[in-house]
Amino acid sequence: MARVFVITGPSGVGKGTLIRRLRETLPELRLSVSATTRPPREGEEHGRDYWFLDDAEFARRVGEGDFVEHAEYAGRRYGTLREELDRHLGEGAPVVLEIEVQGARQIRETMPEAVQVFVVPPSFEVLQQRLETRGTDGADTIARRLEVSRTELESQHEFDHRIVNDDLEATVDELVGIVRAQLDGAAAQA
Ligand code: 5GP
């Protein structure tokens, strides 16, 4: 049964909020803190939100094979550190990854038992509005992210589970249902 859960989908679709709510309901789920070369946003902390690495360090760690997946997204690098994932799994905890589509594909290859959920926005316009009102990115970054989102949305059918993030409460329930079914199955097998 799955112990690794991948939440993917375009930037601004609400993956972070959904994962926060999921973990409030299922507190045994651990979040894997990713590494990135993008600079921290206001209020973000090294080791809590991301491991913020410079380009050289990220490249070095790619060379060392430290990542289970990594990708370039809108001009920056992002990746899941093997030690981060192994630490949680080694402690017997299920883990959730919040990653973009290229990384999710890599995980599908290397960990086919992982459960992947693609979060779909109600419409492209809603996604655009969310990115604009979130206020975390400038106009250029938003334009770039929306461009990537179009391609990401085209790949949604590759994923076993797709949930439309329209009504937040309903979407949280759906996500909790998917994860809980796997965790209950794993408990029943143990
Ligand atoms: P942001 O810069 O908004 O924090 O993240 C940009 C995109 O990178 C989001 O779609 C986010 O889910 C994704 N991302 C975050 N961490 C990782 C990671 O470790 N690997 C991959 N492949 N994507 C990630």
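All figures in this text were calculated on a predicted structure; none of them were measured in a lab. Whatever order the structure lists them in is the order used to number ligands and atoms, beginning at 1. Excluded from the calculations below are hydrogen atoms, water molecules and symmetry mates; all remaining heavy atoms, backbone and side chain alike, are included.
Here Arg76 has no heavy atoms under 4.0 Å from ligand 1, in either its backbone or its side chain.
Transitive grouping of hydrophobic side chains (ILVMFWY, heavy atoms separated by less than 4.5 Å) brings Leu175 and Leu31 into a common cluster.
Which parts of ligand 1 touch Arg145 is read off a 4.0 Å heavy-atom cut-off, strictly below it: atoms 1 (P), 2 (O), 3 (O), 6 (C). Residue-ligand proximity, Gly79 to ligand 1, at heavy-atom distances under 4.0 Å covers atoms 18 (C), 19 (O), 20 (N). Those atoms of ligand 1 that come under 4.0 Å of a heavy atom in Arg41, given as number and element, are 1 (P), 2 (O), 3 (O), 4 (O). For ligand 1, the atoms closer than 4.0 angstrom to any heavy atom of Arg38 are 1 (P), 2 (O), 4 (O). Listed by atom number, the atoms of ligand 1 under 4.0 Å from Gly103 heavy atoms are 22 (N). Using a 4.0 Å cut-off to heavy atoms of Ser34, the atoms of ligand 1 that qualify are 16 (N), 17 (C), 18 (C), 19 (O). The ligand atoms of ligand 1 that sit less than 4.0 angstrom from a heavy atom of Glu98 are 11 (C), 12 (O), 14 (N), 15 (C), 16 (N), 17 (C), 24 (C). Close contacts of ligand 1 with Tyr73, meaning ligand atoms under 4.0 Å from a residue heavy atom, involve 6 (C), 7 (C).
Assignment of Lys15 to the shell around ligand 1 is supported, since a heavy atom sits closer than 4.0 Å. Every heavy atom of Gln106 sits 4.0 Å or more from the atoms of ligand 1.
Remark: minimum distance from atom 4 (O) of ligand 1 to any protein heavy atom is reached at Tyr50 OH, 2.6 Å. Of the protein's non-hydrogen atoms, Glu100 N, 3.6 Å is the one closest to atom 13 (C) of ligand 1. Of the protein's heavy atoms, Glu69 OE2, 2.7 Å lies nearest to atom 20 (N) of ligand 1.
Between Arg108 and Glu69 there is no salt bridge, since none of the side-chain N atoms of the basic residue sits less than 4.0 Å from a carboxylate O of the acidic one.
Only one option out of Val96, Val117, Ile7, Asn165 pairs with Leu18 in a side-chain contact (heavy atoms from CB on, under 4.5 Å); it is Asn165.
With Phe67 as the aromatic partner, Arg82 does not meet the cation-pi criteria of under 6.0 angstrom to the ring centre and within 45 degrees of the ring axis.
Here the side chains of Asp49 and Val33 are not in contact, with every heavy-atom distance at 4.5 Å or above. The side-chain heavy atoms of Thr171 and Val164, taken from C-beta on, include no pair separated by under 4.5 Å.
Of the N and O atoms on the side chains of Arg134 and Thr136, at least one donor lies less than 3.5 Å from an acceptor on the other residue. For the residue pair Glu154 / Gln156, no side-chain donor-acceptor distance below 3.5 Å is found, with atom types taken as modelled.
Below 30°, between 30° and 60°, or above 60°: for Phe159 and Phe118 the angle between ring planes is between 30° and 60°, a tilted geometry.
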